[in-house]
Amino acid sequence: MYSQGLIGADGRTEESEAFLDAFQKRIDAEEKIEPKDAMPEGYRRTLIRQIGQHAHSEIVGMLPEGNWITRAPSLKRKAALLAKVQDEGGHGLYLYAAAETLGVSREQMTEELLSGKAKYSSIFNYPTLNWADMGAIGWLVDGAAIMNQIPLCRCSFGPYARAMIRVCKEESFHQRQGYEIMLTLCRGTAEQKQMAQDALDRLWWPALMMFGPHDADSAHSEQSMKWKIKRFSNDQLRQKFIDATVPQAEYLGLTVPDPDLRWDDSLNGGKGGYAHGDIDWDEFWRVVKGDGVMNRDRIKARKKAWDDGAWVREAALKHAEKRAMRKTQEAAE
Amino acid sequence: MTEQETPLWEVFIRPRNGLAHRHVGSVHAADEVLALDAARDVYTRRGEGNSIWVVRSDAIAASDPDHADETFDPTADKIYRHPTFYEIPEDVGHM
Ligand SMILES: [Fe+2]
Ligand SMILES: [Fe+2]
């Protein structure tokens, strides 16, 4: 996966009060909304945008890891990484299928990604510089994705919820294989452990940004929560992730690159949790808006894949046409 | 985009013999042969099934959810369709 707090969602609707109330009643009763059901335009638009961003993130997310498949250090690691990247492609396709039930076409979504109009998770605009990054991505990026996706399994829109259940089942292997890579490096030579620390240093903050802007700056979050598209706010999910991940870093013997990180008894309604330092939101917006290290590369790679595949799509359609024609001819004879 | 759109297929998978095929999602493919290949790759990477059906999405006719009340309402008021509607003395035993 990799959905992130939705960027620039627009949940405005213009329907009558009675219609919106009736819809909200269904949501409050935990009824699932299915594609052909009447729904507010804002609900439809928000979902098309969110599921589309999520699908694009899965697809673009194949690139930073695909980068290391040929250089994996052993056959076991190569097979695992290949299977993981293939899963991400599958996640993208489940999600495109879910979005298509809302009346948007695959071609339209592809075009929006390639033209730069559609967003995807900012995390994939960071480069993967050494093998340890494969460990850190599985552990942190898939870990953050899982935090985001588990509540989405209860999303009010049926096809999205069902796709998420399938995705969540597959994600746990992703996170575990990543953590195992980190563990192996941390138990290796001092140099290998340093590689793991370096990967954590570079990916920690971008992983926290995956949950999206602070609640106070996340304008459309409230409507999404009311419609039960989202179940937890960006900050709530981020906190859960930090609380789960800091002890895992300690187990590895690695240092989380945040000098302000400390246990705070007052967090999580008195249950305690980790308080963290300030997130560099300027960097987040810079990357979201297209100025990350890898933004141009990622879209270039997707464009190339799409263009290089054009003759295959064309040939397959022509072949199907020919077969259909032959069938009608045979039937006529 | 002037390119021709690749048709959409709905995918149904039977998890194992003895169970019915169940809808799992959809794929795009030029024809049924490629649709089956794509469905296998996308929906059965971990032993999810032993049989796949694909059906052109535009070949499915569906009831209208806006008329769900009229369509399914009569089933609720025909209580004589249920076994509990009939009174049989306990002495008769289980029936
Ligand atoms: Fe994924
Ligand atoms: Fe994943």
Side-chain angles (χ1 to χ4, degrees), chain A residues 26 33-39 82-101 105-112 114-115 158-160 162-163 165-167 169-170 172-173 306-307 309-324 326-327, chain B residues 1-16 19-49 52-73 76:
Chain A
R26 293 191 63 191
I33 307 301
E34 294 295 341
K36 296 255 154 56
D37 292 355
M39 62 183 84
L82 198 56
K84 179 185 189 290
V85 171
Q86 194 190 6
D87 273 354
E88 305 302 3
H91 297 173
L93 295 180
Y94 308 155
L95 287 160
Y96 282 132
E100 281 173 271
T101 66
S105 76
R106 175 75 60 87
E107 282 78 4
Q108 208 176 321
M109 286 187 282
T110 304
E111 219 234 22
E112 283 183 6
L114 298 186
S115 70
Y160 195 22
R162 291 192 286 275
I165 290 170
R166 188 174 273 282
V167 166
K169 274 191 197 153
E170 299 180 353
S172 116
F173 135 63
W306 180 254
D307 293 342
W311 71 270
V312 180
R313 294 191 296 276
E314 207 179 309
L317 284 166
K318 274 275 167 280
H319 181 68
E321 223 173 85
K322 211 170 80 184
R323 280 184 59 227
R326 208 174 283 153
K327 242 190 210 164
Chain B
M1 213 171 277
T2 51
E3 208 175 302
Q4 196 187 338
E5 294 194 359
T6 303
L8 187 65
W9 302 75
E10 299 304 317
V11 180
F12 300 80
I13 290 177
R14 183 173 62 206
R16 57 173 195 275
L19 296 176
H21 285 75
R22 192 166 160 231
H23 183 246
V24 293
S26 58
V27 293
H28 283 272
D31 61 25
E32 75 282 6
V33 179
L34 293 171
L36 281 169
D37 274 356
R40 184 207 55 195
D41 290 348
V42 177
Y43 292 103
T44 67
R45 288 193 304 283
R46 287 177 177 79
E48 287 89 341
I52 305 175
W53 288 350
V54 291
V55 181
R56 278 280 296 243
S57 306
D58 55 16
I60 291 180
S63 63
D64 184 346
D66 288 342
H67 298 152
D69 283 351
E70 302 93 287
T71 313
F72 302 107
D73 188 45

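Treat the numbers as computed from the prediction; the structure is a model and nothing was measured. Chain identifiers are assigned alphabetically (A, B, ...) following the order of the sequence lines, protein sequences preceding nucleic acid strands; residue numbering begins at 1 within each chain.
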A.B. asks: Which atoms of Ser105(A) are under 4.5 Å from chain B, going by heavy atoms: the side chain, the backbone, both sets, or neither?
C.D. replies: side chain
A.B. asks: Around atom CZ of Arg16(B), are there more than 12 heavy atoms from other residues, nucleotides or ligands closer than 6.0 Å?
C.D. replies: no
A.B. asks: Filter on side chain to side chain donor-acceptor pair (under 3.5 Å), then keep only pairs touching residues 27-37 of chain B, sequence neighbours left out; what's left?
C.D. replies: Glu100(A)-His28(B), Arg323(A)-Asp31(B), Arg323(A)-Glu32(B)
A.B. asks: How many angstroms lie between atom CG of Leu8(B) and atom CZ of Arg106(A), to the nearest 0.5 angstrom?
C.D. replies: 8.0 Å
A.B. asks: Kindly give the heavy-atom pair with the smallest separation between Ala30(B) and Leu317(A), and that separation in Å.
C.D. replies: CB-N, 3.7 Å
A.B. asks: Under a 4.5 Å cut-off applied to non-hydrogen side-chain atoms, are Arg166(A) and Val24(B) in contact?
C.D. replies: yes
A.B. asks: Is Arg22(B) atom CZ crowded by more than 12 heavy atoms from other residues, nucleotides or ligands, each under 6.0 Å away?
C.D. replies: no
A.B. asks: Among residues at least two apart in sequence or on other chains, which ones pass ring-ring contact (aromatic ring centres under 6.0 Å, His included) with His21(B)?
C.D. replies: Trp53(B)
A.B. asks: Can you tell me how far apart NE2 (His23(B)) and CZ (Arg162(A)) are? Round to the nearest 0.5 Å.
C.D. replies: 8.0 Å
A.B. asks: About how many Å separate CD of Glu107(A) and OG1 of Thr6(B), when rounded to the nearest 0.5 Å?
C.D. replies: 6.0 Å
